[in-house]
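So the structure is just underneath, and the comments pick up after that.
Numbering of residues begins at 1 and proceeds along the displayed sequence. Counting convention: from 1, in listed order, for ligands and their atoms alike.
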Amino acid sequence: MKPVRAVTFGKSAAQSLAGWVRQAVTAKPRIRPGDAGLLEAVKQWQQVFEHNPVMYFMVDPGGTVINVNTFGAGQLGYTAAELIGRSVLDVFFEEDRDFVRACVALCLETVDQSHTWEIRKVRKDGSVLWVRENAKTMLRADGGPIVLVACENITERKEAENALRQSEAYLAQAQELSHTGSFGWKSATGEITWSKETYRIFQCDEGTKPEIPFMLQRIHPEDRLVVQKTTGRAAREGKDYDHEYRLLMPGGSIKHVRAVARAMRDPSGHVEFVGSVTDITATKQAERRLRESEQRFRDYAETASDWFWETGPDHRVTHISEHSDTITAPAGLIGLTRWDIAPDADLEPEKWRQHRAALDAHVPFRDLVYRSKDRNRQTIYVRTSGKPFFDADGAFLGYRGVCTDVTAAIRADQAEDALRKAQAELAHVTRVTTLGELTASIAHEINQPLAAVIANADACIAWLQRNPPDLKAARRSVEWIIEDGKRAGDVIRHVRALAKRSDIEMVPLDPNIVVREAVALVQREMASHAVSVRMELWSALPRVFGDRIQLQQVLINLIMNGIEAMEGVRDRPRELAIRSAVGGDGAVLVSVSDCGVGICEQTRDRLFMPFFTTKASGMGMGLSICRSIIEAHGGRLSAAPNQHHGATFQITLPLHQEETS
Ligand code: ADP
């Protein structure tokens with residue numbers, strides 16, 4: 001900044017000027033031609049007046065310029081002649097003219113007193129000239145007042161001041177906008193200076209002087225010690241510092257601030273700091289919200305998976321992050337594709353073709369299950385889901401996703417499958433064994449229609465041998481032959497089905513038909529043991545969904561057990577009751593009751609355990625298989641002693657879905 005030219009307008013200068021003017025104005029008429037010395041003096045003073053680098057104006061009480069020096073007129077871009085005779089107001093801005101009038105009026109009221117003010121003048125070219133005016137009213141010889149004004153050009157200083165004010169205003173504005181205040185701190189004296197914004201941040205009245213105890217009181221108690229340590233060390237070592245801490249505001253709210261300070265040394269070598277303090281509360285809150293939301297999603301993802309992965313645009317793994325405490329995540333995957341890792345890639349080409357098509361289409365995928373190897377090279381099953389991600393311009397960058405080790409679940413499924421198969425095999429074996437025991441019954445079932453066929457065939461021949469042959473009767477015999485043949489065929493087909501099939505075939509079934517077919521096969525067995533059967537079957541029973549052969553196997557088993565339980569019964573009829581009904585909850589109930597030895601409470605629960613038997617040649621597998629068959633149908637098999645004699649075994653089967661709707 002250029003130094004402002006200093007012109008002193010003290011009282012003495014104004015007085016000497018006033019003396020001179022009075023002399024010039026009042027003395028002039030008394031100059032005579034011979035008074036050469038005086039004339040010379042006047043000329044000299046006129047020179048001084050014209051060219052003195054101070055602007056002089058003489059203004060009459062009406063505001064008309066009576067005289068102006070050449071320098072003064074020139075400063076305004078006029079000649080003296082152009083200004084003399086004009087209103088002095090012409091060189092002022094419109095909006096300043098009232099002020100000028102007031103100043104002139106004041107001068108006129110207070111003769112001989114000087115007044116000073118600063119004001120803008122307007123040059124001929126319209127530009128601004130700032131002046132400091134010193135004015136005084138004097139009385140002329142004739143007693144009339146005249147206002148004498150001396151002006152100093154202060155434009156440079158004013159502009160500098162304005163520029164400074166402007167830049168200070170900009171700085172204050174910028175500090176407010178960026179929530180950043182500035183400060184100075186002389187550590188030796190403890191003197192602190194704050195900018196307006198710093199006062200605002202610390203919520204402190206601008207009139208108060210910032211002091212260390214006040215600052216410490218504002219700092220959050222938990223941060224005070226650390227702040228003192230940081231600033232104390234910086235002051236001792238003369239080092240810059242940069243730290244964050246919290247302020248505890250009067251209302252109890254918390255502000256986060258960051259203070260950055262540069263250490264300097266004053267001329268006497270004392271450390272002083274100049275720095276900035278920024279209110280970073282909003283940033284901190286945004287960061288916290290971001291962190292919280294990231295943590296929330298991380299929690300979800302971590303709970304639902306064992307590790308995260310990321311692949312690049314070529315679908316090669318770029319990143320794996322394991323968060324569970326398992327050690328299953330395969331090692332050394334970086335740089336490989338999923339199908340490089342999976343040993344099932346060749347075995348299931350269609351699955352992998354579809355997966356790669358999804359990846360190439362940049363669409364999300366869910367629940368892809370594949371085989372992999374864990375860190376110990378053990379086979380594991382992995383379920384993965386992923387989503388493509390893109391840059392801000394929409395360019396594909398790769399996939400991100402989660403993986404879960406589902407080996408245990410898959411192994412459990414496999415074990416369950418194997419168990420189901422083994423049970424079906426076992427059921428088949430026991431069925432075949434039962435068939436062996438039923439040979440006599442089955443032979444009887446087939447023999448009956450065969451005997452009828454032969455009898456009818458004989459009859460048919462007899463009808464034909466008549467003269468004339470009784471064709472009508474012969475025809476009836478042949479029809480019976482066909483019927484009996486079909487009956488025998490049905491029995492054989494049924495037996496073959498029981499003997500052959502071990503696959504399960506679930507279909508809607510009428511429970512009463514299943515019961516009748518089973519009973520047909522054991523008819524003879526019952527007869528040979530002198531057991532009579534009583535069937536109490538509900539008409540129009542709803543259908544169940546099941547495997548016909550397996551359900552018949554269960555029934556045959558229960559009937560055979562009943563027959564065996566009544567073997568020792570001599571004192572009462574050996575009767576087997578087979579009932580079907582609909583239970584209270586809408587399920588179908590089928591029960592087999594006998595009046596045999598019965599079951600006691602102790603053995604009731606053990607009957608269904610494999611290898612539990614009370615028979616000399618028993619295997620103890622029958623009821624256990626029956627229960628697993630019924631449970632596989634979604635039903636229950638239970639046993640209960642009868643009130644008087646024997647036991648009742650009850651099957652409960654859920655209805656076929658179509659029946660329930
Ligand atoms: P097994 O007939 O080869 O013994 P089961 O599993 O069919 O095998 O039957 C197991 C045991 O349950 C039988 O040994 C018998 O003690 C008892 N049990 C089965 N059915 C009856 C019944 N109707 N009355 C009394 N006890 C029975």
Side-chain angles (χ1 to χ4, degrees), residues 419 422-441 498 514-515 518-519 521-536 547 549-581 589-633 635-653:
L419 181 66
Q423 278 178 341
E425 289 298 333
L426 189 60
H428 178 229
V429 170
T430 50
R431 220 159 47 226
V432 174
T433 314
T434 313
L435 283 178
E437 290 166 15
L438 291 178
T439 319
S441 286
L498 282 169
V514 178
V515 170
V519 171
L521 282 181
V522 288
Q523 203 91 53
R524 172 81 186 181
E525 205 64 24
M526 290 194 279
S528 66
H529 285 86
V531 171
S532 64
V533 65
R534 185 154 53 87
M535 308 263 266
E536 295 173 14
D547 181 273
I549 301 295
Q550 285 207 334
L551 292 180
Q552 283 180 2
Q553 177 178 357
V554 172
L555 284 165
I556 292 169
N557 225 306
L558 297 180
I559 293 168
M560 296 287 279
N561 276 350
I563 295 169
E564 282 166 5
M566 294 188 288
E567 221 157 21
V569 173
R570 307 266 180 264
D571 56 343
R572 55 186 179 270
R574 296 176 187 169
E575 190 185 66
L576 207 63
I578 302 177
R579 299 184 181 89
S580 71
L589 308 174
V590 177
S591 64
V592 178
S593 302
D594 61 70
C595 56
V597 289
I599 46 180
C600 60
E601 281 302 322
Q602 292 95 317
T603 51
R604 190 171 162 178
D605 289 336
R606 297 169 60 204
L607 302 183
F608 298 96
M609 286 164 67
F611 306 114
F612 174 80
T613 181
T614 54
K615 298 169 193 166
S617 59
M619 219 179 24
M621 287 304 293
L623 287 179
S624 139
I625 291 168
C626 289
R627 182 170 259 184
S628 61
I629 288 175
I630 296 301
E631 285 177 353
H633 281 71
R636 289 190 312 277
L637 173 63
S638 58
N642 291 338
Q643 214 174 1
H644 299 297
H645 301 289
T648 296
F649 286 78
Q650 178 165 283
I651 302 165
T652 310
L653 285 173

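Contact of the Cys595 side chain with the His644 side chain is not registered, since no non-hydrogen atoms from C-beta on lie closer than 4.5 Å. Side chains of Val531 and Glu525 form no contact here, defined as non-hydrogen atoms less than 4.5 Å apart.
Annotation: salt bridge (Lys or Arg N to Asp or Glu O under 4.0 Å) contacts of Glu564 (sequence neighbours excluded): Lys615.
For ligand 1, residues of the protein lying within 4.0 angstrom by heavy-atom distance are Asn561, Ala565, Asp594, Val597, Gly598, Ile599, Leu607, Phe612, Thr613, Thr614, Lys615, Gly618, Met619, Gly620, Met621, Gly622, Leu623, Phe649.
Atom CE of Met560 is separated from atom CG of Leu576 by 11.5 Å, given to the nearest 0.5 angstrom. Separating the CE atom in Met566 from the CZ atom in Arg574 is a distance of 8.0 Å, to the nearest 0.5 Å.
Across all their heavy atoms, Gly596 and Val569 have their closest contact at CA-CG2, 4.0 Å.
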